[in-house]
Amino acid sequence: MTQKQQSMITTVQQHILQQQANFPDATGTFSWLLSGITLAGKMIEAKIRSAGLTDILGAYGNTNVQGEQQQKLDVYANRAMEHCLGLRDSVAALVSEEDDEPVVYNRDGETGKYIIVFDPLDGSSNIDVNVNVGTIFSVFKRPQWGDVNSSVLQPGSKQVAAGYVLYGPSTILVYTTGSGVHGFTLDPTIGAFVLSWENMKMPEAGPYYSVNEAYLEESAPVYTQFVHDMRSGKIGPKHGSRYIGSLVADFHRTLLKGGIFFYPPTEKTPLGKLRLMYEANPLAFIAEQAGGAATNGTDRILDIQPEGIHQRTALAIGSKTEVEALRSMLKG
Ligand code: P6P
């Protein structure tokens with residue numbers, strides 16, 4: 001890469017520092033914190049890239065708190081996130097999809113300012129068939145009062161940052177700190193995430209709907225009507241269907257192309273399948289920052305007060321046109 005080209009790139013670290021400039025009281029601990037996430041993302045990416053060549057594929061032999069078969073890469077990704085973030089003394093606690101309880105660090109309120117909630121490897125059941133998977137993260141400030149455990153269950157509206165790393169044909173990092181949504185592509189030649197999309201905006205209405213149609217009959221009939229209306233062009237354009245079965249990949253396509261992803265309540269998952277704190281909340285923050293919307297069908301996702309760190313929720317997320325149309329159909 002020529003000197004001129006190199007001078008033109010913006011790495012995620014540079015971008016985070018520029019973002020910090022917008023926050024007068026920012027002390028750089030925030031950018032140091034986010035660099036822990038990008039480092040873990042690069043470690044996980046390297047492991048996934050070589051997964052087919054080493055003994056890292058397949059089941060680990062345990063089940064996690066969700067009752068799901070832990071994949072070896074799930075365990076590796078969780079350890080990478082806990083290692084990289086645990087070393088940041090600005091971290092007060094970590095909440096992971098893979099851990100029953102929060103990991104709490106004995107740091108005072110002045111030092112340990114942040115709580116990070118994450119799904120280390122979402123969609124991991126797709127790894128063995130080489131389908132995109134992702135790491136999703138959400139960052140909260142630790143309130144000054146009370147012990148850390150009592151301050152983990154905050155509504156999504158309190159997030160100070162959120163984002164994901166999508167491991168696919170290229171490795172993408174998308175994040176927001178509340179000042180727009182920004183996307184980066186990992187350049188393996190320099191080992192840095194480089195700015196690819198600044199101030200990403202979700203199209204008003206999109207070409208696709210994304211749902212597991214095999215379970216539609218287990219949901220309220222209104223959802224089948226909603227799909228019919230999108231197919232027939234009654235809600236925005238005539239929609240096609242796309243469903244990867246990896247939330248981060250389905251969401252990233254929706255962010256770029258528009259449309260809607262939804263996982264409604266079903267007989268098997270009456271409270272929804274996806275998790276509020278480390279799947280719905282971070283993606284809802286990004287969706288809204290990009291001009292989209294996210295609901296559980298009735299309420300705004302970011303307004304939901306969590307009662308448990310592994311709480312599940314129904315989710316409909318994407319362009320405003322489709323999300324608002326679904327909400328009004330559900331209201332009746
Ligand atoms: P289903 C992956 O296991 C996951 O948690 C999300 O990444 C994905 O959107 C969803 O489950 C897929 O669920 O029931 O369609 O296989």
Side-chain angles (χ1 to χ4, degrees), residues 41 44 48 57-60 62-75 77-78 81 95-99 117-138 162-168 172 174 208-220 223-224 226-227 241-257 259-284 286-287 292 294-297 301 309-318 322-323:
I44 295 164
I48 288 173
L57 288 177
Y60 181 68
N62 286 358
T63 50
N64 61 15
V65 64
Q66 323 291 337
E68 292 163 349
Q69 182 76 269
Q70 269 188 320
Q71 302 296 313
K72 289 175 186 168
L73 270 169
D74 275 331
V75 174
N78 196 38
M81 287 289 280
V95 174
S96 168
E97 190 226 16
E98 296 297 332
D99 297 331
V117 183
F118 58 89
D119 184 350
L121 206 59
D122 178 74
S124 55
S125 52
N126 292 312
I127 287 169
D128 292 355
V129 293
N130 206 33
V131 165
N132 294 19
V133 290
T135 298
I136 316 174
F137 63 91
S138 167
Y164 56 84
V165 183
L166 176 60
Y167 311 98
I172 307 284
V174 171
Y208 302 121
Y209 70 86
S210 184
V211 63
N212 187 333
E213 302 201 41
Y215 304 146
L216 265 183
E217 282 151 28
E218 288 182 31
S219 299
Y223 288 102
T224 301
F226 177 59
V227 168
S241 168
R242 289 285 187 282
Y243 192 72
I244 300 169
S246 228
L247 175 61
V248 179
D250 281 318
F251 176 77
H252 187 65
R253 182 201 55 249
T254 306
L255 174 63
L256 292 178
K257 304 283 186 192
I260 186 169
F261 167 92
F262 60 107
Y263 205 110
T266 66
E267 281 159 26
K268 206 167 67 167
T269 54
L271 300 176
K273 172 179 184 181
L274 301 172
R275 276 54 61 112
L276 173 63
M277 292 211 71
Y278 38 79
E279 289 174 328
N281 269 343
L283 299 185
I286 291 171
T295 176
N296 63 0
I301 288 287
I309 58 175
H310 299 298
Q311 177 172 328
R312 293 178 187 267
T313 180
L315 177 65
I317 189 168
E322 289 91 337
V323 173

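Order of listing sets the numbers, starting from 1, for every ligand and every atom in it.
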Partners meeting side chain to side chain contact (heavy atoms under 4.5 Å, CB included) with Leu256 (sequence neighbours left out) |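 Side chain to side chain contact (heavy atoms under 4.5 Å, CB included) check on Leu256 returns Trp197, Met200, His252.
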Return the option from Glu213, Lys273, Glu97 holding the heavy atom at the smallest distance from atom 13 (O) of ligand 1.
-> Lys273
Just let me know how Arg275 lines up against ligand 1, side chain, backbone, both or neither, with a heavy-atom cut-off below 4.0 Å.
-> side chain
Mode of Asn212 contact toward ligand 1 - side chain, backbone, both, neither (heavy atoms, under 4.0 Å) =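 Under 4.0 Å from ligand 1, Asn212 contributes side-chain atoms alone.
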For [X], atoms of ligand 1 separated by under 4.0 Å from a heavy atom:
X	value
Gly123	2 (C), 7 (O)
Ser246	7 (O)
Tyr243	1 (P), 12 (C), 13 (O), 15 (O)
Asp122	5 (O), 6 (C), 7 (O)
Leu247	6 (C), 7 (O), 8 (C), 9 (O)

So, does [X] use its side chain to make a donor-acceptor pair with the main chain of [Y] at under 3.5 Å?
X	Y	value
Thr254	Ile260	no
Arg312	Lys273	yes
Asn126	Gly245	yes
Asp122	Ser246	no

By ring pair (Phe, Tyr, Trp, His ring centres under 6.0 Å), Tyr278 pairs with (sequence neighbours left out) His310
Which is it for Phe262 and Phe226 under the ring-ring contact (aromatic ring centres under 6.0 Å, His included) test, yes or no, and what are the steps along the way?
-> CA-CA 11 Å; Phe262 60 107; Phe226 177 59; 5.4 Å; yes
Ligand 1 to Phe261 polar contact by distance, N or O atoms, under 3.5 Å |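 No.
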Does some non-hydrogen atom of Asp250 fall short of 4.0 Å from ligand 1?
-> no
